Amino acid sequence: MPINDPTTATPSEIDEELNRLDIEHAKANDTLSRLTTRAQRLVNDGMAEYATELRPQIEQARQAIAECEATERPLEAEFERRGGWTRAWLVLNTGGHVHRTTACRTCFPSTRFAWLTQFSGHDETEIVEQAGKAACTECYPSAPVDVRNRPSRIKTPEQLAREAEKAEGAKAKAAKAITAPDGTPLRTKQYGQIETEFTARRSYIEALSYARLLTKRNVAFHRNTIAEYHEDARLILAALAAKHSRTVDDLRAELAPKVEAKWNREHSNWG
Ligand SMILES: [Zn+2]
């Protein structure tokens with residue numbers, strides 16, 4: 001997320017943005033070198049006129065690089081201004097270690113890292129605590145032995161984002177779901193097991209309106225069915241009330257106009 005005022009941003013926010021810009025920067029660099037190589041080849045092969053056609057794209061890549069650098073500058077300056085802060089990187093391979101710097105001498109120029117921006121500015125003991133046996137002994141020489149023997153609980157920002165997304169999805173699903181007041185599935189006679197609040201409300205409206213139709217047609221003949229619809233409506237209302245911590249009277253009053261509308265629109269014409 002773009003940062004308007006670095007002085008009020010947290011180290012994690014600044015590093016997250018720097019990480020994003022680093023990736024963008026690297027991409028633009030790749031594009032630029034690919035394009036300039038291609039242009040040079042065309043010039044060498046006597047097709048300079050085609051090389052000129054690549055100029056706008058080359059210019060665009062240069063512009064993107066310049067923009068990344070301009071956006072990075074105040075963020076780097078803020079890091080310096082605060083006298084720096086802790087940072088942590090995870091090596092991206094199976095059993096990869098956590099390092100306090102990508103310049104760690106146990107790593108190579110080709111080593112691929114995930115920047116653990118969630119730990120930026122955090123206490124190193126906390127990072128080591130989370131990293132357990134994944135903590136680099138070179139970077140964190142003072143990590144206690146018992147901590148070093150623990151399995152790593154480190155996650156990359158991508159993993160954390162995915163987990164948050166999943167949790168968000170589960171929350172949204174729970175918000176739509178409905179159960180009986182005691183948490184067991186909401187089972188009805190006429191509508192089977194009802195999973196969602198949407199279906200619960202629709203079924204309630206339908207049950208009362210249809211029961212009214214049956215009553216109008218032949219109350220004696222349909223006595224048992226009518227009772228079942230009324231019982232279903234009662235169960236659904238109790239479930240809705242429990243879910244929203246409202247009274248059944250309150251919900252009945254809320255749904256009454258909808259039952260009436262259903263009756264007028266549909267069932268009253270059938271009788
Ligand atoms: Zn290290």
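Keep in mind it's a predicted model, so treat the numbers as computed, not measured. Ligands are counted one by one from 1 in listed order, and the atoms in each one are counted from 1 as well.
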Side-chain polar contacts of residues 205-215 - donor-acceptor pairs under 3.5 angstrom, sequence neighbours left out - could you list them?
from	atom 1	to	atom 2	distance (Å)
Ser209	OG	Trp263	N	3.4
Ser209	OG	His267	ND1	2.6
Arg212	NH1	Glu260	OE1	3.2
Thr215	OG1	Ala211	O	2.6

Review point. Tell me, which protein N/O/S atoms are under 2.8 Å away from the Zn ion (ligand 1)?
Key: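 Per the 2.8 Å query on the Zn ion (ligand 1), atoms found are His99 ND1, Cys104 SG, Cys136 SG, Cys139 SG.
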Review point. Quick one: does Asp123's side chain get under 4.5 Å of Thr86's, heavy atoms only?
Key: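 Asp123 vs Thr86: side chains apart.
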Check your understanding: Would you say the side chain of Tyr229 lies within less than 4.5 Å of the side chain of Tyr191, judging by non-hydrogen atoms?
Key ->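 Yes; the side chains approach each other to less than 4.5 Å.
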Practice item. For the pair Ser12 (side chain) and Thr117 (backbone), establish whether a donor and an acceptor sit closer than 3.5 Å, ignoring hydrogens and angles. Key: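 It does hold such a pair.
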Practice item. Output yes when a side-chain donor or acceptor of Thr137 lies under 3.5 Å from a complementary backbone atom of Pro141, and no otherwise. Key: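 No; judged by distance alone, with no hydrogens or angles, the pair does not exist.
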Practice item. Tell me, with the steps shown, if Thr199 and Thr196 meet side-chain hydrogen bond (donor to acceptor under 3.5 Å, both in side chains). Key: CA-CA 5 Å; Thr199 310; Thr196 67; 2.8 Å; yes
